[in-house]
Each structure stands twice: as structure tokens, then as C-alpha cells.
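From a predicted model like this one, the values you see are computed outputs, not experimental measurements.
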Amino acid sequence: MIYAENILLCIAMPLVATLLFLQSSAKRFVFSFLIGMMVCLLSAYIGGFLEVASGMSKEDVAIFLSPVTEEAMKFLPILLYLFLFEPDEECLLLTSAGIGAGFATFENCCYLLMGAKSLPYMLVRGAAVGIMHLVSMVALTLGLNLLRYYKMVRFSGILGALSLAMTFHGLYNLLVSVDGIPSYIGYAMPVLCALLLPRQFKRFKEFTRE
């Protein structure tokens, strides 16, 4: 068993135990958090395979392939949940937030244990990479809710929402790969989006009540 799987087990087992004592939305969030961590591990497997198969460098894989792979993998559980159970807007948002948070947490834990980093660097990474995965999932869910409200949840609409999430992720990876001002802009993007999205979701709820 590889190291990443050991990390997954150590984090997941206490969370699995909490499912016995939680109810309703709290249980849904914890369960989706666990799914997010498993999706992160599967995405790492796929990314490693694509890196070897394509012969691309780690940096090129991170910019061109990882955004597509990771966003698609995070999106699949949401899509299945949407079509199988038809949840309301709040439940869909909660599930997507759990998956995004689980993905980001597991990725940060693995990155941290790969080698000790300075506290300022890890604070920046936690406030940028971690939030980026959460923001992309929440924004994707907001798009799906809009599509569903206008009864446009079709292949083209779903593909468009997913493409936006992939573009945001890819743009972030591209910016932070360059030292200096571009990396600062990249680090600031998820934080700014995280501050704006709650307001947008509130406006969407007010709009649907009209």
C-alpha cells in the first residue's frame, strides 16, 4: 500500500465513525468530504498515468492535464447525485462543498507530508490551492442550479459549466507556475472568488423565490 493510501485511511476512519452519530445535513457533508478525498486519490492515479503515457513534464501536466482530470473527477459524483436523487439547491451546494473541501484537504495533507515547508508557504497554499478546489465546486454547483432552474440541464449546459471550472483551475495553475506578479494574481483568485460566491448564491435564492 502506498503512502497516500495510508494517509487516506488515517483521515477517513474517524470521519467514518462520526457518521454513526450525525444526522441529516451534517452526515451528508461528512460523507461527501470522504468522497472528495477518495476522488483526490483516484485523480492522482490518473494524473500519474497520464504523465508517464504522455511524456510531459510535471509542470505541463499540472497546467494542461490535471485541471481536466481533477474537475471531471470531482464533477462525476455531483452529476450522479443530481440525476439520481434530484436534491434541492441547498443539498447540492452542501454536497459539492464537502467534495471540494475533502479533495483540497487530502491534497494538502499529502503535499505537506512529502516534505516540510515553511509556515508562510503552507498558509498561502492552504488559502489558495485549498480554496481553489472548493470555489470551483461551488461555482460549478451554482451553474448547475441555474441550468436546472431554466430547465436546461442538458449535455451542452453541463459541458459548459464543467468547462468553466476546468478553465478556472487551469488558469490558476498557469499563473502560479510563474514567479512574481502572475503567481500573486493566481493566489488571490480563489480567495476573491470565495468572498464573492456566497453573495451570488444568496442572490440566486432570492431570484428563485420571486
Spell out, yes or no, whether V178 and L175 are grouped together once hydrophobic residues are joined by side-chain heavy atoms under 4.5 Å, including indirect joins. no
4.5 Å side-chain heavy-atom contact, L162 and L79: no
State which residues pass side chain to side chain contact (heavy atoms under 4.5 Å, CB included) with F64; sequence neighbours excluded, sorted by chain then number. M56, D60
Does H133 have any ring pair (Phe, Tyr, Trp, His ring centres under 6.0 Å) partners at least two apart in sequence or in another chain, and if so, which? F103, H169
Ignoring hydrogens, what is the shortest heavy-atom contact between M137 and G100? Give both atom names and the distance. CG-CA, 3.9 Å
With a 4.5 Å heavy-atom cut-off, do M37 and L15 have their side chains touching? yes
All side chain to side chain contact (heavy atoms under 4.5 Å, CB included) counterparts of L22, not counting sequence neighbours: T18, A26, K27, V30
Compare all side-chain heavy atoms of F168 with those of M132 and state whether any distance is below 4.5 angstrom. yes
Using side-chain heavy atoms (C-beta onward) and a distance below 4.5 Å, is L140 in contact with S96? no
Heavy-atom closest pair (V135 atom, P190 atom, distance to 0.1 Å) is CG2-O, 3.5 Å
Quick one: does L50's side chain get under 4.5 Å of T69's, heavy atoms only? yes
Between S136 and K74, is any pair of side-chain heavy atoms under 4.5 Å apart? yes
Would a single hydrophobic cluster contain both L84 and I99, if residues Ile, Leu, Val, Met, Phe, Trp and Tyr are joined by side-chain heavy-atom contacts under 4.5 Å? yes
Rounded to the nearest 0.5 Å, what separation is found between the SG atom of C110 and the CG atom of L41? 7.5 Å
Taking all non-hydrogen atoms of both residues, which atom of L159 and which atom of S163 are closest, and how far apart? O-OG, 2.7 Å
What is the distance from atom CZ of F106 to atom CD1 of I11, rounded to the nearest 0.5 Å? 6.5 Å
Is it the case that atom CD1 in I181 sees more than 12 heavy atoms from other parts of the structure closer than 6.0 Å? no
Output the distance between atom OG1 (T141) and atom CD1 (I78), rounded to the nearest 0.5 Å. 5.0 Å
Go through the structure and list residues passing side chain to side chain contact (heavy atoms under 4.5 Å, CB included) with Y187, not counting sequence neighbours. V124, A128, Y172, V176, S183
On a heavy-atom basis, which atom in F29 and which in A97 lie closest, and how many Å separate them? CE1-C, 4.1 Å
ILVMFWY cluster, L171 and L134 together (side-chain gap under 4.5 Å): yes
About how many Å separate CD of E59 and OG of S66, when rounded to the nearest 0.5 Å? 11.5 Å
Around atom CZ of F31, are there more than 12 heavy atoms of other residues, nucleotides or ligands at under 6.0 Å? no
For S24, enumerate each residue passing the side chain to side chain contact (heavy atoms under 4.5 Å, CB included) test, keeping only those at least two apart in sequence or located in another chain. none
Do you know which two heavy atoms are closest between P67 and A62, and how far apart they sit? CD-O, 3.2 Å
For the CG atom on D88, are there more than 12 heavy atoms of other groups (residues, nucleotides or ligands in this structure) within a distance under 6.0 Å? yes
Give the cluster check for M189 versus L164: same hydrophobic cluster or not, with ILVMFWY residues linked at side-chain heavy-atom distances below 4.5 Å. no
Any chance you could measure M13, atom CE, to L34, atom CG, to the nearest 0.5 Å? 10.0 Å
Assigning hydrophobic clusters by single linkage (Ile, Leu, Val, Met, Phe, Trp, Tyr; side-chain heavy-atom cutoff under 4.5 Å), is V39 placed with F49? yes
T95 side chain reached by P87 side chain, heavy atoms, under 4.5 Å: no
F85 meets the ring pair (Phe, Tyr, Trp, His ring centres under 6.0 Å) criterion, sequence neighbours left out, with Y81
If we ignore hydrogens and angles and just use 3.5 Å, is the side chain of T105 paired with the main-chain N or O of G102 as donor and acceptor? no
Could you state the interatomic distance from NZ (K58) to CG (L65), rounded to the nearest 0.5 Å? 12.5 Å
